[in-house]
Enquirer: 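Below are the structure tokens for one structure; questions will follow.
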Amino acid sequence: MDDHTSAPEAPRDSSLDPAKPKDFIRDIIEADLRSSKHQQVVTRFPPEPNGYPHIGHAKAVSVNFGIAQEYPGRCHLRFDDTNPVKEETEYVEAIERDIKWLGYDWGEHLYFASDYFEQLYQLAEGLIEKGLAYVDDLTAEEIREYRGTLKEPGKNSPHRGRSPEESLDLFRRMRAGEFPEGSRVLRAKIDMASPNINMRDPVLYRILHTHHHRTSDDWNIYPMYDYTHPLSDAIEGITHSLCSLEFEDHRPLYDWVVEHAAVPHRPRQIEFARLNLTYTVTSKRTLRQLVEQGKVNGWDDPRMPTLSGMRRRGYHPEGIRNFLGAIGLAKANSEVEYGYLEHFQREVWNREAPRVMAVLDPLKVTITNYPEGQTEEVEAINNPEDESAGTRMMPFSRVVYIEREDFMEDPPKKFFRLAPGREIRLKHAYFIRCDEVVKDAEGNVVELLCSYDPESRGGSTPDGRKVKGTSHWVSAEHAIDAEVRLYGHLFTVPRPGATTGSAIDDVDPESLTLLNGVKVEAGLADASVGAVFQFLRQGYFAVDPESGPGKLVFNRTVTLKDTWAKVATKEGMQ
RNA sequence: AGGGGCGUCGCCAAGUGGUAAGGCAUCGGGUUUUGGUCCCGACAUCCGCAGGUUCGAGUCCUGCCGCCCCUGCCA
């Protein structure tokens, strides 16, 4: 069975299609290539290893790796590990695994900002020597006060005029660990009156006596993002440093650092809008709260927008890539409908997923004119979209289960399924007619007594008569039990937290529905974890890792489109 | 006393002065042993608003309006 948890082949270059409109970033890159400003494009994906990657990261991944693949150049995976208090090795492993799963490859180009700590330090000394950086003794609170506000300029620190010699000495002693955390920082000397707050002598280094996941206890000072990032880009020869909109204000600082530190290469930062999805949240903080407060069952809960959650839910990386390609790349803040993501999942699974019969809410059907004790096998098509998928044999016998919602005692006009006196087809098997309805003491329908037409074997009759409905079914004697988990949106509102102020308050406590008495084809018994099937007329379902010998658990990946549900809702029937 | 961005169909999004692509959704219809898939058709006289330039403006100019981001020794 298909196990898509292994790394797929490299994504296809649909974007090389000249008919497909390009985005503003690709326009810039093509111009740079045409003018020979660059011979080859070099991008980078720079995650901080402090959380699990989610669909928002996937956009950044597909932008950076996708562009590098198209032009073609290369994309570096660089962990931005400059803050040891928040970062862990567990996350770097998760990030590497998820990028591979998405179908991208950094080859040899795996880097850590911490690899450059020594180099970065030397460049900082250079800045101090040139009088472009100084050690400041102000407290964090004082620095904040001196910074001014959005509308008022800041004022110079009393230590700003310190000589390069004195700053250098202090900086070296900071490195040596002579000072406590928070007592001093290294700052760039730029302009405390700049209208851009990022340029008001930003902090370059802070003292942190913290163990680092890679450099251990080698360092007592750690460089800030605004200093580390541009220099790492420059060191690696990144040509286009693509990041999200909130860094637009940092670009002057990015350029300042690259210009004044002693590095030869000048990368260009370009910003684009990050992905927002309705009914979901992509803030690491909120995601962490969901996990820690037990609102979900871990980072890979199928309701989570994490890539590990989506993988467990049965999402196909190709569908995610196609989605990301379809939403485009622009600078306008936007919010994409969740259903658009689902569309691309249906699109790939419709093509790929084997069809199988599973009855989610079983209703017993006894075929009264079918010989007791007899079993026969009918041939079923595995995938009408893929002839090479072939067929399989399904056991048929006197007692079968059909979906409870496929029967109505008193059907409305547009209901095409089974009802007293009506005939439907059991897919790939026979026509059956409902003769009698059996109820319990409370009046609930517990069983249907039907008769079948022996002439209709395979699903059609010699007389050519039609039925309006076709149901999936499973032989009672041969079916096996499974647990099925149905998922709805994790949140009750399209914009979690928008009105309540806290996304956690908008969590839908009923986003998970557990189904226990599900009856599935016996052939599913040895389905491998991660495999995805189409449960006929129901949707796509993925085998959950919690499955084991004698225990089958499925996660609903996405439903099929359901025109009937739409009609029924409109008619006020359901 | 601010600075940086963004506003084209319900949701994304092309468009780079020559008379509004495409996808999703929606609405009709056809095919169908999945009310799935597939196929056909409809869906912005209009581009945040108001002026102006031009033979011609979503694209240029001016002025408004609205939304997002920035005052971590986080990234």
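Just so you know, these numbers use all the heavy atoms, side chains as well, and skip hydrogens, waters and symmetry mates. Chain letters run A, B, ... following the sequence lines, proteins first, then strands; residues in each count from 1.
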Enquirer: Please name all residues satisfying salt bridge (Lys or Arg N to Asp or Glu O under 4.0 Å) with A:Glu181, sequence neighbours left out, ordered by chain then number.
Expert: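 A:Glu181: no salt bridge (Lys or Arg N to Asp or Glu O under 4.0 Å) contacts found.
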Enquirer: Starting the side chain at C-beta, find the nucleotide from B:C70, B:C74, B:A1 nearest to A:Lys86.
Expert: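 Ranking B:C70, B:C74, B:A1 by closest atom to the A:Lys86 side chain puts B:C74 first.
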Enquirer: With both distances under 3.5 Å as the test, what is the Watson-Crick or G-U wobble partner of B:G51?
Expert: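 Checking every strand shown, B:G51 finds its partner in B:C61, with both distances under 3.5 Å.
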Enquirer: I'd like to check the side chain to side chain donor-acceptor pair (under 3.5 Å) partners of A:Arg78; sequence neighbours left out, ordered by chain and number.
Expert: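 Scan of A:Arg78 (side chain to side chain donor-acceptor pair (under 3.5 Å), adjacent residues dropped) gives A:Asp233, A:Glu236.
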Enquirer: Residues in salt bridge (Lys or Arg N to Asp or Glu O under 4.0 Å) with A:Arg251, at least two apart?
Expert: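 Once residues adjacent in sequence are excluded, the partners of A:Arg251 under the salt bridge (Lys or Arg N to Asp or Glu O under 4.0 Å) criterion are A:Glu271.
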Enquirer: In Watson-Crick or G-U wobble terms, both distances under 3.5 Å, what is the partner of B:C67?
Expert: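 Because both required distances fall under 3.5 Å, B:C67 counts as paired with B:G5.
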Enquirer: Of the nucleotides B:A25, B:G35, B:G3, which has the atom closest to the A:Lys561 side chain?
Expert: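 Comparing B:A25, B:G35, B:G3 against the side chain of A:Lys561, the answer is B:A25.
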Enquirer: Given that A:Lys151 and A:Gly148 both sit by RNA chain B, which one's nearest nucleotide is further toward the 5' end?
Expert: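 Per heavy-atom nearest nucleotide, the more 5' residue is A:Lys151.
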Enquirer: My understanding is that only residues two or more places apart in sequence, or in another chain, count here; which of them pass salt bridge (Lys or Arg N to Asp or Glu O under 4.0 Å) with A:Glu335?
Expert: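 Only A:Arg495 meet the salt bridge (Lys or Arg N to Asp or Glu O under 4.0 Å) criterion with A:Glu335.
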Enquirer: Go ahead and name the base partner of B:G17; Watson-Crick or wobble counts if both distances stay under 3.5 Å, otherwise write none.
Expert: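 Paired with B:G17, as far as the under-3.5 Å criterion goes, is no nucleotide at all.
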Enquirer: Nearest to the side chain of A:Glu48, which nucleotide is it out of B:G23, B:C74, B:C69?
Expert: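 Minimum distance to the A:Glu48 side chain belongs to B:C74.
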Enquirer: So does A:Arg144 get a side-chain nitrogen or oxygen closer than 4.0 Å to the phosphate oxygens (OP1/OP2) of B:G72?
Expert: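 Yes, A:Arg144 has a side-chain N/O under 4.0 Å of OP1/OP2 on B:G72.
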Enquirer: Can you figure out which of B:C27, B:A75, B:G72 approaches the side chain of A:Phe247 most closely?
Expert: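 Among the listed nucleotides, the one closest to the side chain of A:Phe247 is B:A75.
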Enquirer: Donor-acceptor pairs under 3.5 Å, side chain of residues 387-395 of chain A to any protein atom, not counting sequence neighbours: which ones?
Expert:
unit_1: A:Ser388; atom_1: OG; unit_2: A:Asp386; atom_2: OD1; d: 2.6
unit_1: A:Ser388; atom_1: OG; unit_2: A:Asp386; atom_2: OD2; d: 3.4
unit_1: A:Thr391; atom_1: OG1; unit_2: A:Glu379; atom_2: OE2; d: 2.8
unit_1: A:Arg392; atom_1: NE; unit_2: A:Glu521; atom_2: OE1; d: 2.9
unit_1: A:Arg392; atom_1: NE; unit_2: A:Glu521; atom_2: OE2; d: 3.4
unit_1: A:Arg392; atom_1: NH1; unit_2: A:Arg355; atom_2: O; d: 3.3
unit_1: A:Arg392; atom_1: NH1; unit_2: A:Ile381; atom_2: O; d: 3.4
unit_1: A:Arg392; atom_1: NH1; unit_2: A:Asn382; atom_2: OD1; d: 2.7
unit_1: A:Arg392; atom_1: NH2; unit_2: A:Arg355; atom_2: O; d: 3.4
unit_1: A:Arg392; atom_1: NH2; unit_2: A:Glu521; atom_2: OE2; d: 2.7

Enquirer: Between the base of B:U71 and the side chain of A:Glu152, is one N or O donor paired with an acceptor at under 3.5 angstrom?
Expert: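 Checked by distance alone, the answer is no.
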Enquirer: Does A:Arg537 make a side-chain N or O approach to OP1 or OP2 of B:G35 shorter than 4.0 Å?
Expert: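 For B:G35, OP1/OP2 do have a side-chain N/O of A:Arg537 under 4.0 Å.
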Enquirer: Among B:G2, B:G35, B:C73, which is the nearest nucleotide to the side chain of A:Arg417?
Expert: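 Among the listed nucleotides, the one closest to the side chain of A:Arg417 is B:G35.
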Enquirer: Is the phosphate of B:C27, meaning OP1 or OP2, less than 4.0 Å from a side-chain N or O of A:Lys570?
Expert: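 Checking B:C27 against A:Lys570, a side-chain N or O does come within under 4.0 Å of OP1 or OP2.
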Enquirer: Determine the minimum heavy-atom distance between A:Asn220 and A:Arg175, stating which atoms define it.
Expert: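 Looking at all heavy atoms of both residues, the closest pair is ND2-O, 3.0 Å.
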Enquirer: Identify the nucleotide, in any strand shown, that forms a Watson-Crick or G-U wobble pair with B:G36, with both distances under 3.5 Å; if there is none, say none.
Expert: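 Across any shown strand, B:G36 pairs with none.
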Enquirer: Using the side-chain heavy atoms of A:Thr149, tell me which of these nucleotides is nearest: B:C73, B:G36, B:U71.
Expert: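 Shortest atom-to-atom distance from the side chain points to B:U71.
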Enquirer: Ignoring backbone atoms, test whether A:Arg147 places a side-chain nitrogen or oxygen under 4.0 Å from the OP1 or OP2 oxygen of B:C73.
Expert: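 Looking at the OP1 and OP2 atoms of B:C73, one of them is under 4.0 Å from a side-chain N or O of A:Arg147.
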Enquirer: Between the base of B:G4 and the side chain of A:Asn196, is there a donor and acceptor pair under 3.5 angstrom?
Expert: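 Under the 3.5 Å cut-off, the side chain and the base do not form any donor-acceptor pair.
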Enquirer: Taking only N and O in the side chain of A:Thr82, is any of them less than 4.0 Å away from OP1 or OP2 of B:A75?
Expert: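 Answer yes for this pair, as a side-chain N or O of A:Thr82 is under 4.0 Å from OP1 or OP2.
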Enquirer: Between A:Arg457 and A:Ile207, which is nearer to the 5' end of RNA chain B once each is assigned its nearest nucleotide?
Expert: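 It is A:Arg457, whose closest nucleotide lies nearer the 5' terminus.
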Enquirer: So does A:Arg355 reach the base of B:U34 with its side chain, donor to acceptor, closer than 3.5 Å?
Expert: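 Between B:U34 and A:Arg355, which were checked side chain against base, a qualifying N/O pair under 3.5 Å is present.
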Enquirer: Look for any protein N or O under 3.5 Å of an N or O in nucleotides 6-15 of chain B and output each such pair with its distance, or none.
Expert:
unit_1: B:G10; atom_1: N2; unit_2: A:Glu337; atom_2: OE1; d: 3.3
unit_1: B:C11; atom_1: O4'; unit_2: A:Glu337; atom_2: OE2; d: 2.9
unit_1: B:C11; atom_1: O3'; unit_2: A:Glu335; atom_2: O; d: 3.0
unit_1: B:C11; atom_1: O2'; unit_2: A:Glu335; atom_2: O; d: 3.1
unit_1: B:C11; atom_1: O2'; unit_2: A:Glu337; atom_2: N; d: 3.4
unit_1: B:C12; atom_1: OP1; unit_2: A:Glu335; atom_2: N; d: 2.8
unit_1: B:C12; atom_1: OP1; unit_2: A:Glu335; atom_2: O; d: 3.2
unit_1: B:C12; atom_1: O5'; unit_2: A:Glu335; atom_2: O; d: 3.3
unit_1: B:C12; atom_1: O2'; unit_2: A:Ile327; atom_2: O; d: 2.9

Enquirer: Could you please name the option among B:C70, B:C73, B:A1 that lies closest to any side-chain atom of A:Arg206?
Expert: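 Among B:C70, B:C73, B:A1, the one nearest the side chain of A:Arg206 is B:C73.
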Enquirer: Counting side-chain heavy atoms from C-beta on, which of B:U34, B:G2, B:A25 comes nearest to A:Pro195?
Expert: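 Of B:U34, B:G2, B:A25, B:G2 is nearest to the side chain of A:Pro195.
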